[in-house]
Amino acid sequence: MATYTLPELPYDYAALAPVISPEIIELHHDKHHAAYVKGANDTLEQLAEARDKDQWGSINGLEKNLAFHLSGHILHSIYWHNMTGDGGGEPLEKDGVGELADAIAESFGSFRKFKAQLTKASATTQGSGWGVLAYEPVTGRLIVEQIYDHQGNVGQGSVPILVFDAWEHAFYLQYKNQKVDFIEAMWQVVNWQDVAKRYTAARERAHNLLLAP
């Protein structure tokens with residue numbers, strides 16, 4: 001049976017400083033992300049055992065655990081590549097990401113309005129969660145979502161292309177309880193080249209994501 005593995009970071013622990021400290025990157029990737037990978041694999045084993053024994057008393061909890069850990073693994077795998085020490089600013093045509101810039105303007109009115117919405121969505125997520133820019137395949141537009149924990153409150157079939165981790169383990173050692181300061185700082189390390197690639201891939205594969213309504 002296929003299992004999940006912890007991906008390597010695309011940079012060293014200090015690559016995103018001073019926005020995110022090396023200590024946070026190390027703990028976040030090596031401990032927290034690794035725990036979601038282990039949780040997903042452990043749950044798959046428990047589901048396999050339930051199938052073998054035809055015992056389903058724990059099915060609700062197992063399905064919830066799988067959604068939690070697997071979504072955590074997927075979102076973190078996107079998160080690491082969404083950031084770079086050479087990032088920030090906004091997507092511009094001269095940088096080869098004009099289609100993404102146009103899509104943001106069309107979906108939100110302007111980059112400024114999009115930035116304000118994603119910042120607020122990330123900073124005000126209740127409890128633990130994420131702020132996400134996602135491609136919605138039915139209309140072909142971009143939307144901002146608040147994801148509670150790792151998996152709740154999302155549109156079916158939407159594809160995350162830019163994710164801001166708003167769990168406390170992503171920032172507390174450095175920013176204490178000032179989550180909004182962390183989210184504001186995140187804009188300095190956004191890797192627009194990666195976001196643009198994800199947007200193009202989501203758009204090209206949209207016909208495979210959902211049946212036409």
Side-chain angles (χ1 to χ4, degrees), residues 7 9-11 15-16 19-20 24-25 28-29 33 36 71-93 95-125 128-167 169-171 179-206 209:
L9 286 171
Y11 35 69
L16 303 179
V19 173
I20 307 179
I24 287 179
I25 295 295
H28 196 169
H29 176 268
H33 189 173
Y36 300 127
S71 294
H73 171 43
I74 291 171
L75 287 170
H76 280 94
S77 297
I78 297 170
Y79 180 65
W80 306 125
H81 287 273
N82 271 172
M83 298 184 291
T84 175
D86 299 324
E90 63 180 276
L92 299 171
E93 184 175 358
D95 297 323
V97 291
E99 289 187 354
L100 173 64
D102 291 343
I104 289 174
E106 181 178 353
S107 296
F108 300 98
S110 68
F111 177 80
R112 179 186 62 81
K113 293 177 181 178
F114 153 68
K115 181 179 178 181
Q117 183 176 346
L118 182 54
T119 297
K120 284 294 185 181
S122 304
T124 61
T125 300
S128 300
W130 300 71
V132 172
L133 172 66
Y135 177 79
E136 194 281 288
V138 174
T139 61
R141 65 172 292 151
L142 296 173
I143 59 174
V144 165
E145 298 179 319
Q146 284 182 321
I147 299 181
Y148 302 145
D149 292 332
H150 298 305
Q151 76 280 17
N153 203 37
V154 298
Q156 295 298 312
S158 62
V159 181
I161 63 172
L162 172 62
V163 299
F164 282 5
D165 192 342
W167 283 65
H169 63 239
F171 64 87
K179 179 161 61 174
V180 66
D181 291 345
F182 169 65
I183 300 303
E184 289 285 0
M186 275 288 298
W187 291 101
Q188 301 175 41
V189 294
V190 173
N191 184 349
W192 291 115
Q193 297 293 328
D194 181 71
V195 179
K197 290 177 181 177
R198 295 179 187 280
Y199 169 66
T200 298
R203 190 176 55 175
E204 290 177 348
R205 300 169 187 168
L209 298 176

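In this chain, numbering begins with 1 at the start of the sequence shown. Computed from heavy atoms alone, side chains included, the values below leave out hydrogens, waters and symmetry copies.
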Say you draw a straight line from CG of Leu100 to CG of Leu142; how long is it, rounded to the nearest 0.5 Å?
7.0 Å
Phe111: ring-ring contact (aromatic ring centres under 6.0 Å, His included) partners, not counting sequence neighbours:
Phe114, Trp192
Contacts under 3.5 angstrom, residues 179-190 side chains, donor-acceptor by atom type, not counting sequence neighbours:
from   : atom 1 : to     : atom 2 : distance (Å)
Lys179 : NZ     : Thr125 : O      : 3.2
Trp187 : NE1    : Thr119 : OG1    : 2.8

So, for Ala103 and Tyr199, which heavy atoms are closest and what is the spacing to 0.1 Å?
CB-OH, 3.3 Å
What residues, two or more places apart in sequence or in another chain, satisfy side-chain hydrogen bond (donor to acceptor under 3.5 Å, both in side chains) together with Ser110?
none
Once side-chain contact (heavy atoms from CB on, under 4.5 Å) is applied, do any residues pair with Ile78, and if so which ones, sequence neighbours excluded?
Ile74, Asn82, Pro160, Val163, Arg198
Quick one: closest heavy-atom pair of Tyr11 and Met83, and the distance?
CE2-O, 3.3 Å
Over all heavy atoms of both residues, which pair between Ser158 and Glu145 is shortest? Give the atoms and the distance, please.
OG-OE2, 3.1 Å
Within the structure provided, determine whether Val154 and Val132 are in side-chain contact (heavy-atom separation under 4.5 Å).
no
Who pairs with Asp149 by salt bridge (Lys or Arg N to Asp or Glu O under 4.0 Å), at least two apart in sequence or on another chain?
none
Working to the nearest 0.5 angstrom, can you tell me the gap between Ile104 CD1 and Lys115 NZ?
12.0 Å
Would a line drawn from the ring center of His150 to the ring center of Trp167 be shorter than 6.0 Å?
yes
When rounded to the nearest 0.5 angstrom, what distance separates CG in Asp86 from CD in Gln193?
11.0 Å
How far does OG1 of Thr84 sit from CG of Leu16, to the nearest 0.5 angstrom?
7.5 Å
Please identify each residue that fulfils side-chain hydrogen bond (donor to acceptor under 3.5 Å, both in side chains) with His29, with sequence neighbours left out.
none
All pairs passing salt bridge (charged side-chain N to carboxylate O under 4.0 Å, His left out) where residues 99-114 contributes a residue, at least two apart:
Glu99-Arg203
We want to know whether Asp165 and His76 form a side-chain donor-acceptor pair, criterion being a heavy-atom distance below 3.5 angstrom.
yes
Which atom of Ala196 lies closest to which atom of Val97, heavy atoms considered
CB-CG1, 3.4 Å
Report the residues that fulfil side-chain contact (heavy atoms from CB on, under 4.5 Å) with Gln117, sequence neighbours left out, ordered by chain and then residue number.
Phe108, Val144
Which residues pass the side-chain hydrogen bond (donor to acceptor under 3.5 Å, both in side chains) test with His33, sequence neighbours left out?
His73, Trp80
For a side chain to side chain contact (heavy atoms under 4.5 Å, CB included) with Leu133, tell me which candidate from Val159, Ile143, Leu162 qualifies.
Leu162
To the closest 0.5 Å, what do you measure between CD1 (Ile20) and CD1 (Ile25)?
4.5 Å
Considering residues at least two apart in sequence or located in another chain, which fulfil the side-chain hydrogen bond (donor to acceptor under 3.5 Å, both in side chains) criterion with Gln151?
none
In Å, rounded to the nearest 0.5 Å, how long is the span from CH2 of Trp130 to OG of Ser122?
10.5 Å
Output yes when a side-chain donor or acceptor of Asn153 lies under 3.5 Å from a complementary backbone atom of Gln146, and no otherwise.
yes
